[in-house]
There are 2 protein chains.
Amino acid sequence: MDGPRWLDEREDRAWRGYRRMRRLLDLELARELMQDAGLSEPDYDVLSDLSETPDQRLRLSELADRMLWSRSRLSHHISRMQQRGLVTREECATDGRGSIVALTPAGRRAVESAAPGHVAAVRRHLIDLLTPTELAALGTLSRRVVDHLTDRTEAAG
Amino acid sequence: MDGPRWLDEREDRAWRGYRRMRRLLDLELARELMQDAGLSEPDYDVLSDLSETPDQRLRLSELADRMLWSRSRLSHHISRMQQRGLVTREECATDGRGSIVALTPAGRRAVESAAPGHVAAVRRHLIDLLTPTELAALGTLSRRVVDHLTDRTEAAG
DNA sequence: GCAGTTTGGTTGACATGTCATCAAGCTAGG
DNA sequence: CCTAGCTTGATGACATGTCAACCAAACTGC
């Protein structure tokens with residue numbers, strides 16, 4: 001083992017910048033989403049994933065996998081959203097263990113009314129600030145990192 | 001108001017990619033850090049910020065500002081880290097209200113032993129996967145986003 | 001100096017996320 | 001069949017983060 005290769009100035013700038021951006025962007029998007037639509041980011045993500053699905057409904061585990069959430073987390077979260085009438089749980093016809101999460105009409109209205117403002121915020125605070133080159137770079141680079149981490153986990157698991 | 005400008009394919013790719021990367025990177029880095037050093041990412045960040053400071057100590061509010069944490073969060077977290085002997089609280093000589101967080105020897109040993117592995121992980125899963133162009137783009141773009149959000153909050157606040 | 005306000009930090013109640021465990025149901029090997 | 005082992009989802013205990021209320025020290029202007 002050599003001594004560790006610390007980050008040089010350029011690398012450090014990218015790494016710190018990334019983390020700071022991450023944090024500030026998160027705070028701001030969450031703040032606006034809550035203020036404008038009464039939804040947390042996790043709420044929005046659940047609703048949005050469900051609404052993109054043909055039947056507005058998904059198996060719990062399927063949804064958890066898509067969102068990269070633990071089943072337990074999703075189960076808790078769905079219970080809370082169910083209390084608020086945004087989603088319901090249904091039994092799965094083909095698998096007695098299974099549970100299906102479905103968007104309620106209220107849930108659908110909630111995403112639909114939240115989406116335009118949220119997308120606008122994402123544009124305002126991120127997308128519209130990037131040059132075309134940067135946008136492309138972000139797309140390519142994140143894809144590469146995701147692939148790297150995904151292969152790794154699958155190989156390891 | 002026109003209809004909302006949804007994200008086109010390139011924008012969507014960047015936005016989804018960014019979020020997925022964010023999540024996977026976080027999970028993996030946190031996992032390795034906990035396994036190798038017994039520290040959570042928040043723990044590491046606190047220790048690391050403190051260790052970069054001349055005297056290994058900072059005012060609570062100063063540290064909170066640097067980390068973009070609420071004072072309350074930091075106060076809670078410092079209490080827990082204090083229990084574990086990683087930091088101590090000291091009175092502030094110049095301001096009777098103030099509290100100073102200082103690294104203990106154990107805390108210093110903890111960061112020092114964690115740092116090489118953590119930096120290596122950051123390299124392995126992010127930095128070393130990027131081309132020089134991408135690295136530069138990430139640095140520039142995140143800086144721009146951070147500036148945008150920072151001005152905004154200061155102007156609004 | 002000293003009432004009123006601001007600032008720094010703590011605290012408790014509550015929301016959220018994680019982990020270990022459990023029950024029920026599926027599935028495969030005999 | 002039928003049973004051992006895996007999968008699905010729920011649950012409770014606990015760790016962490018947020019929010020609002022609070023206290024005490026320190027400015028502010030008279």
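Here is the naming used below: chain letters follow the sequence lines, and residue numbers restart at 1 for every chain. Small disclaimer: the values here were computed from a predicted structure and weren't measured.
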Interatomic distance where [atom1] belongs to [X] and [atom2] belongs to [N] [whole Å]:
X      : N      : atom1 : atom2 : value
A:H77  : C:dA15 : NE2   : P     : 13 Å
B:D26  : D:dG17 : CG    : P     : 12 Å
A:I100 : D:dG9  : CD1   : C1'   : 13 Å
B:R31  : C:dC19 : CZ    : C1'   : 16 Å
A:M34  : C:dT16 : CE    : C1'   : 12 Å
A:R80  : D:dG12 : CZ    : C1'   : 14 Å
A:M67  : C:dT16 : CE    : P     : 14 Å
A:M81  : C:dG17 : CE    : P     : 11 Å

Quick check on [N]: is either OP1 or OP2 less than 4.0 Å from any side-chain nitrogen or oxygen of [X]?
X     : N      : result
A:R89 : D:dA10 : yes
B:R97 : D:dA26 : no
A:R73 : C:dG17 : yes
A:R59 : D:dG9  : yes
A:S70 : C:dG17 : no
B:S61 : C:dG9  : yes

Side chain [X], main chain [Y], donor-acceptor under 3.5 Å:
X      : Y      : result
B:T53  : B:L50  : no
A:T104 : A:G85  : yes
A:R123 : B:R5   : yes
B:R20  : A:V146 : no

Where along residues 37-51 of chain A does a heavy atom come under 4.0 Å from DNA chain D, residue by residue in number order?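 Those residues whose heavy atoms fall under 4.0 Å from DNA chain D, taken from residues 37-51 of chain A, amount to none.
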Looking at CG of B:D43 and CE of B:M34, how far apart are the two atoms once the value is rounded to the nearest 0.5 Å?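 Going from the CG atom of B:D43 to the CE atom of B:M34 covers 6.5 Å.
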Side-chain contact check for B:S75: nearest option of D:dG9, C:dG8, C:dT11 is C:dT11
Any donor-acceptor N/O pair under 3.5 Å between C:dT18 base and A:H76 side chain: yes
NA contact type, B:S72, heavy-atom cut-off 4.0 Å: base, sugar-phosphate, or nothing?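 The residue B:S72 makes base contact.
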Is it the case that over 12 heavy atoms from other parts of the model lie below 6.0 angstrom from the CZ atom of A:R57?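 Yes, CZ of A:R57 has more than 12 neighbouring heavy atoms, counting only those of other groups under 6.0 Å.
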ILVMFWY cluster, B:L126 and B:L33 together (side-chain gap under 4.5 Å):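 No.
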